[in-house]
Every structure is written in C-alpha cells, then in structure tokens.
Number of protein chains: 2
Amino acid sequence: MEEIDKAAPAGNVTADDVAAEAGVSRWTVNRAFKKDASISARSREKVMQAAERLGYVPDLRAASLASDRSHLVALLVDDFANPHKLVMLETLTRVLRRRGWDTLLVNTLGKEDAGSALLNASQRRVDAVILIGIQFDDEVLKTASHARRFKKLIIFARTSQSPDTISIAVDDVKAMEEIAGYVAGRGYRRPMFLAGPRTSSAHLKRKETFLAFWQARFGTVPACASVAAYDPALAAEVVTAKLGGLGRGELPDILVCENDALAIGAMDVIRHRLDWRVPEDIAVIGFDDIPAADGPNYRLSSYRQPVAEMAEYLVEVLESRDDRDFTRLFQGEIVTRESA
Amino acid sequence: MEEIDKAAPAGNVTADDVAAEAGVSRWTVNRAFKKDASISARSREKVMQAAERLGYVPDLRAASLASDRSHLVALLVDDFANPHKLVMLETLTRVLRRRGWDTLLVNTLGKEDAGSALLNASQRRVDAVILIGIQFDDEVLKTASHARRFKKLIIFARTSQSPDTISIAVDDVKAMEEIAGYVAGRGYRRPMFLAGPRTSSAHLKRKETFLAFWQARFGTVPACASVAAYDPALAAEVVTAKLGGLGRGELPDILVCENDALAIGAMDVIRHRLDWRVPEDIAVIGFDDIPAADGPNYRLSSYRQPVAEMAEYLVEVLESRDDRDFTRLFQGEIVTRESA
DNA sequence: AGATTTTTTGCTCCCGCGTGCAATTTATCT
DNA sequence: AGATAAATTGCACGCGGGAGCAAAAAATCT
C-alpha cells in the first residue's frame, strides 16, 4: 500500500493540498465542493476521493470572507424563562440547517445588553439578525439598522414598527379578535387580561386588540394586569396580588393571557394557592400552544402559531437578494381544551 | 460641521479606512481593538473615535482566519423535548458570551445526522464542539476525533468513555448513590427505575448505579422500564404500559427516574390517567431540577446539577492551551420536595 | 476534416486581519 | 545632556478561498 505521509499535513488540510493530491488546480478543488459549479464528473470524483483521503473540509470563514456571504444568522434571545422559546429554537435551527444556514445563538443578557449583542453578531458578519426576544427598544433597533453590518434585521414571532425591519409573525389583531370572539361566544362576560412587558418597538398588539374588541362589543373595559417578563413565576406573583382576597363574585370569569408562559403561571396559583377551580371558578386561555398546554395539568386552550411555516418563509427571505419589504403576517388557529 | 462623506464607504468599513481617518497605520487600528496590545492611550483614543465616526467593527472571520482561533464553539443538541435543555442553553450561552465566546447552535436532527452536524461545525472552524445531546454513538465520536478540525470535543452534562473526549458532568455514581440512599432511608422498598435511551458512548451511569446499590443493600433487583427519548410524552406512554392495570399491592412504591423530563411525564399519567396519588400510592424522584419541578403541579424531588459552575469550568477548559485531560466530575445536591 | 460552439480548467487579484520583527519614538538613568 | 532601555508603531507575508475572465479541451455542426 502506498504510505501517504502527507495524509496528516501539519495542522490544516487546505484546498491546495487536495489539488496536489488529485493532480488538478486549487480552483477545481473548490468547484468540486460547490453546488452547481461547472466541473466535469470525472474531476469532481478525483477531487472528492483525494479530499476524503486527506480529510479536507472547506473553510467557511475564508469562503465567507471572500464572497461576503456567510450563510450565518444570529438568533438573539432574551427570555429563556418562556418554554415556548425551546420550541422556536428547535424549529428554527432545524429548518435553517436543513436549508444550509448556520445559527449563532446570542443570549441577550439584559436590556442594556442589546446593543452589545448586536455588536457581537456584527463582528461575525452574519447575513441576518433574527430577534426572538423582547427587550429591544426603538433606540437600539435604530442604531442597529444604522450601523448595519448585517443585511437583514428580522423580528420573528412579533411585529415591529421600526423601519428597515422585517416582521415574520402571526397577525396578532386577527388572532386576538378570534380569541375574543371565542371568549364572548362561550358566554364569559368579566374577562381580565394578563399582559406581558411593554416593549416599545417589537410589540404584541394582543392587549389593545382585546380591549378594543371588548369595548366595542360590550361597552366595558376589562381589567388588566401586567407582568414584567414572560415568566410563569412572575405571572404567579402578579396574579396572586391581583386576585388574592377576592370573593367568588368579584372574580373575573376568565383570564385572557398574552401567552402560555403567563397562563400556566396563573393557573398554578389560581388552583394551588388561591384554591379556585379552573375553569369552573375562573377560566384561562393562552397563546402559543406550548407542549405543557396539552398536558393533563393544564389542558390549556391556546392559539397555535404556524412556527414551522414561518421558519420556512424566513429562509426564503434570507435567500432572496432584492430589497423589498418582506414583512408577512401568518394565520394560526385556536386550540380548544378544557381550560376555557 | 464637517461633512464626512466617506462616513459611508461603499459596503464595508475596514481597518484601513479607520487608519486613514485616524492618521495611523492599519496595525495600530487593530491593536486598539485588542485587549492587552502594546499601544499608547493617545492613539487608541484617536483610533476609537475614528472608528466610531466611520462605524467600524472588526471582522472576526478575518481575525479567526489569520490567527487560527475562532473563539467560537458549536453546541450540538438533539433532544429539544427535554425542558432542561432550555436551562442548559441559557446558562451556557450566558457564561460563554460573558467570557468572550460565541455559540453556534446546531440541531442534530437525528441519529444519522450526527456526522453531518459535526461536519457543519468543522466548516466553521470552531475551537471546540460541545455535545449536550444523546445520539452520538462511538463510531461517530471516533470519526469526529479523527478528522478533528476542532481542537476539543466536550461532552457536557454527560460522561463519555470515548478517548480524546472531555466530559464535564456531575458524578452520576455519587449522585445516584445519594438518591438511592435517600430512597432507602425514606423507607421505600419496591422501587422501579425509569431509564432513558441507551446510547453507547456518552452515557449516564444512573441506572446501573441504582440497581447495583439496591442489590447490594437489599439483594433484590428493582423493576425497570426504558423510554426511547427524554420526552415527557414518551415517558407517559411507557409508564402507562408498565403500570396500567396493576393493583394497589403490585405497584412499585417509588419511581426513580433518570431525569425530570421522564419524571413529569410519569407523574402526569400516574395521577391523571391511572388515578393514583403521588406520593401516597407511588412516589416519584427525578434528576436535573427543572423549573417545573418546583411548580405546584409536581413538587418533584430531584437532583440539582451545578450547571453554572460547570459552564464556568467549561470556559476555563476552552481557554487553556495545554493538552491534558480536562474531564471533571462535579457534585450536585438532592432537592427535597413533596413527591418523594 | 475543419470550423464553431460549449464545457472545463487555470489564473490574477482581492477579502480583512494576525504574526513576528525591524524601525522609530519616548522614557529612564548616570 | 548623552546613553541606554522600554514602549510604540510600521511592515512583509500569510491565512483559505471567491469572482470573473482567458486559455485549453471536448463536443457539435456543416
């Protein structure tokens, strides 16, 4: 057998090494690894075998540097307390990877950290930044698009008023009107809305939509409470403070929650600390349809977003070269369970 | 005011642009951005101001290419159904980022996909690959270390027998002995062990440790059941099949679960489908101490791993240059709640 | 077969920054 | 002040590969 000692060249096997081994030029080597490059089947085969022998893998850093396309996106996330994030992460990374995109996961540590997180992404020259968190105020977003080292700024599962920003989300207005209609249709008349944190730009219109609907329909403004983060534990505190000590008659008949993270926190205290029954004493409805919503502890009625479909669309946005506004709103559906 | 039109040079602002603007050489510019570079305060200031004016951000791709250090790690994950993953993701990305490391999140789609996921990481020339999933058999691991384009292969929260591999995890043997001691001490005598999938290399020794302990102490081998993934829904199925139809006397008195994902799935069906009480009819104990374990629905006794501490150690491993074996086992603690 | 068209291959010139060393400037010492 | 040491700054070369065109080879046509 031929002993190929160069089979382990110092540190890196480069395209040049493979070229020498295969008896072609370096460029043919790189062509062999490109999807629809102009190369004969014969030389591609030769190259691939040589590459296999040497253990060559193309260097995407260099490719990205030379071509100015990294096929990398940054995913900025900040509310890890929300179980729905795990679903989104799974779906996004799966769809992105299957279509040739890599994902940089950036944990946006706090409100003041948003700028630094964006900087982080910039330095890697990602092709797009995807926001699936909440703590981005207008100022940061503006700065971001200004010093845009990334071509696209996408807000996922949330809509933004900020210019130069692409929103991919469900239509909150339609969705919440559907929910409100459902609530009214089931005969609930004294709803309370449990809202999340108010961020300026990337915003959920759920609360205002619900209030507007209710006022138009019944002429009354439902009670509201607001939680500082999409965290079940925080929601539990707020609900305890709001509903604790209330008598049966003073209780809202349904709690409409901005999302499931709040809803399950609320249900936990309603049942186990305040000792009321769901849905008999007070019903609960959420948003997102997280896995736990389907479990026997909650049986939470919720609104399911087409996350996978949204992710597929996201890839299309990434891959298109033109510069129009890609914002698009999707339609989800109510999932009815026993909680409301 | 001076109108600086070059403030928006075509596409990329490079160090050369900043150099011209600041009246220094390109190398001084880059030194200004390096932590402990030899540069005078005065020129650093000049450079930084010029950079600010032009909106310059160093390009980490180029830096990585030239220096052969990317300060990037790949996180390979495959079991997103386990809520504990969200905790691990949050902790790891937070700690890594605070210490200057970026994270590539790779969703390992299936068992056959592991190799491709590794390849993916290779192409980005990450400094280390971190496995926090399960579906890596010996063959893949061996291939991985063979064609190592990354310097380190780290198994996080799990131990591996594979050579050239670094494990950072709790000491499963100690932990499970502690749990077994607790179970025995509380008077349980007919435990059943609920195990997860059996992977070859990256392995949890929890089951065998528990069985060995029990046999040594009581001379009997506890019953076992095995779930194909750390997914509450799957655990629910298995437990239903195993315990369904059993009479009160035939029931195990405690279910010892390999982790909380299995435990909560089990509790759900025990209470709501099989209609037994926890802990009166059957107790449950888990592992990982996920957030839901502390909620009122479960009140699950569990074992808490020092994830943050492990993450800090991980960074130290990443930063050290030498080549010794960094495997290290940590100690956690039992968290006692009402479920057992 | 000779001329033309089409496919394949090679090549020059970057992409943006790090390394290591030499040149230059500044600080310190007697 | 003059000499010597220390801190700063500048520079040639390399990291691994992409774009686009020119040269070479293969295929097609009359």
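No hydrogens, no waters, no symmetry mates; every other heavy atom, side chains included, goes into these values.
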Colleague: For the base of dT19(C), is there a side-chain donor-acceptor partner from Trp27(B) under 3.5 Å away?
Modeller: yes

Colleague: Can you tell me how far P of dC13(C) sits from CG of Asn30(A), to the nearest Å?
Modeller: 19 Å

Colleague: Rounded to whole Å, how long is the line connecting atom NZ of Lys34(A) with atom P of dG18(D)?
Modeller: 6 Å

Colleague: Asn12(A) CG to dG18(C) C1': how many Å, rounded?
Modeller: 15 Å

Colleague: Assign Arg31(A) to base, sugar-phosphate, or nothing according to its heavy-atom contacts below 4.0 angstrom with the strands shown.
Modeller: base

Colleague: Nearest whole Å is fine: how far is dA19(D) C1' from Arg69(A) CZ?
Modeller: 14 Å

Colleague: Consider the side chain of Ser40(B), meaning its heavy atoms from C-beta on, and name the nucleotide among dG10(C), dT9(D), dT8(C) that approaches it most closely.
Modeller: dT9(D)

Colleague: Is the shortest distance from a Lys or Arg side-chain nitrogen in Lys152(B) or Asp127(B) to a carboxylate oxygen in the other one below 4.0 Å?
Modeller: no

Colleague: Quick one: on DNA chain D, does Ala62(B) or Thr28(B) contact a more 5' nucleotide (nearest heavy atom)?
Modeller: Thr28(B)

Colleague: Can you tell me the distance, in whole Å, between the CG atom of Asp59(B) and the P atom of dC14(C)?
Modeller: 18 Å

Colleague: A side-chain contact here means heavy atoms from C-beta on lying under 4.5 Å apart; do Ile39(B) and Thr28(B) qualify?
Modeller: yes

Colleague: Out of dT8(C), dC17(C), dG17(D), which nucleotide sits closest to the side chain of Ser43(A)?
Modeller: dT8(C)

Colleague: Nearest whole Å is fine: how far is dG16(C) P from Leu60(B) CG?
Modeller: 14 Å

Colleague: Before giving the answer on salt bridge (charged side-chain N to carboxylate O under 4.0 Å, His left out), spell out for Glu312(B) and Arg99(B) the whole-Å C-alpha distance, their side-chain angles and the decisive distance to 0.1 Å.
Modeller: CA-CA 9 Å; Glu312(B) 297 283 354; Arg99(B) 305 204 30 190; 2.8 Å; yes

Colleague: Side chain of Ala66(B), heavy atoms from C-beta onward: which of dT9(D), dG16(C), dG10(C) has the nearest atom to it?
Modeller: dG16(C)

Colleague: Any idea which of dG18(C), dC17(C), dG17(D) is nearest the Ala63(A) side chain?
Modeller: dG17(D)

Colleague: Choose from dT9(C), dT9(D), dG18(D) the nucleotide whose nearest atom is closest to any side-chain atom of Ile39(B).
Modeller: dT9(D)

Colleague: Taking the side chain of Ser38(A) as heavy atoms from C-beta outward, which of dT9(C), dA19(D), dG18(C) is closest to it?
Modeller: dT9(C)

Colleague: Between Thr159(A) and Leu329(A), is there a side-chain heavy-atom distance shorter than 4.5 Å?
Modeller: yes

Colleague: Regarding Ser67(A), tell me which of base, sugar-phosphate or nothing describes its non-hydrogen contacts under 4.0 Å with the strands shown.
Modeller: sugar-phosphate

Colleague: By the 4.0 Å heavy-atom rule, please label Arg26(A) as base, sugar-phosphate, or nothing.
Modeller: base

Colleague: Just to be sure I understand the rule, does Leu65(A) reach a base, reach only the sugar-phosphate, or reach nothing, if contact means heavy atoms closer than 4.0 Å?
Modeller: base

Colleague: Could you check how far CG of Asp68(A) sits from P of dG16(C), rounded to whole Å?
Modeller: 8 Å

Colleague: Rounded to the nearest angstrom, tell me the gap between atom NE2 in His71(A) and atom C1' in dG18(D).
Modeller: 13 Å

Colleague: Salt bridge or not for Arg125(A) and Asp59(B), using N-O below 4.0 Å?
Modeller: yes

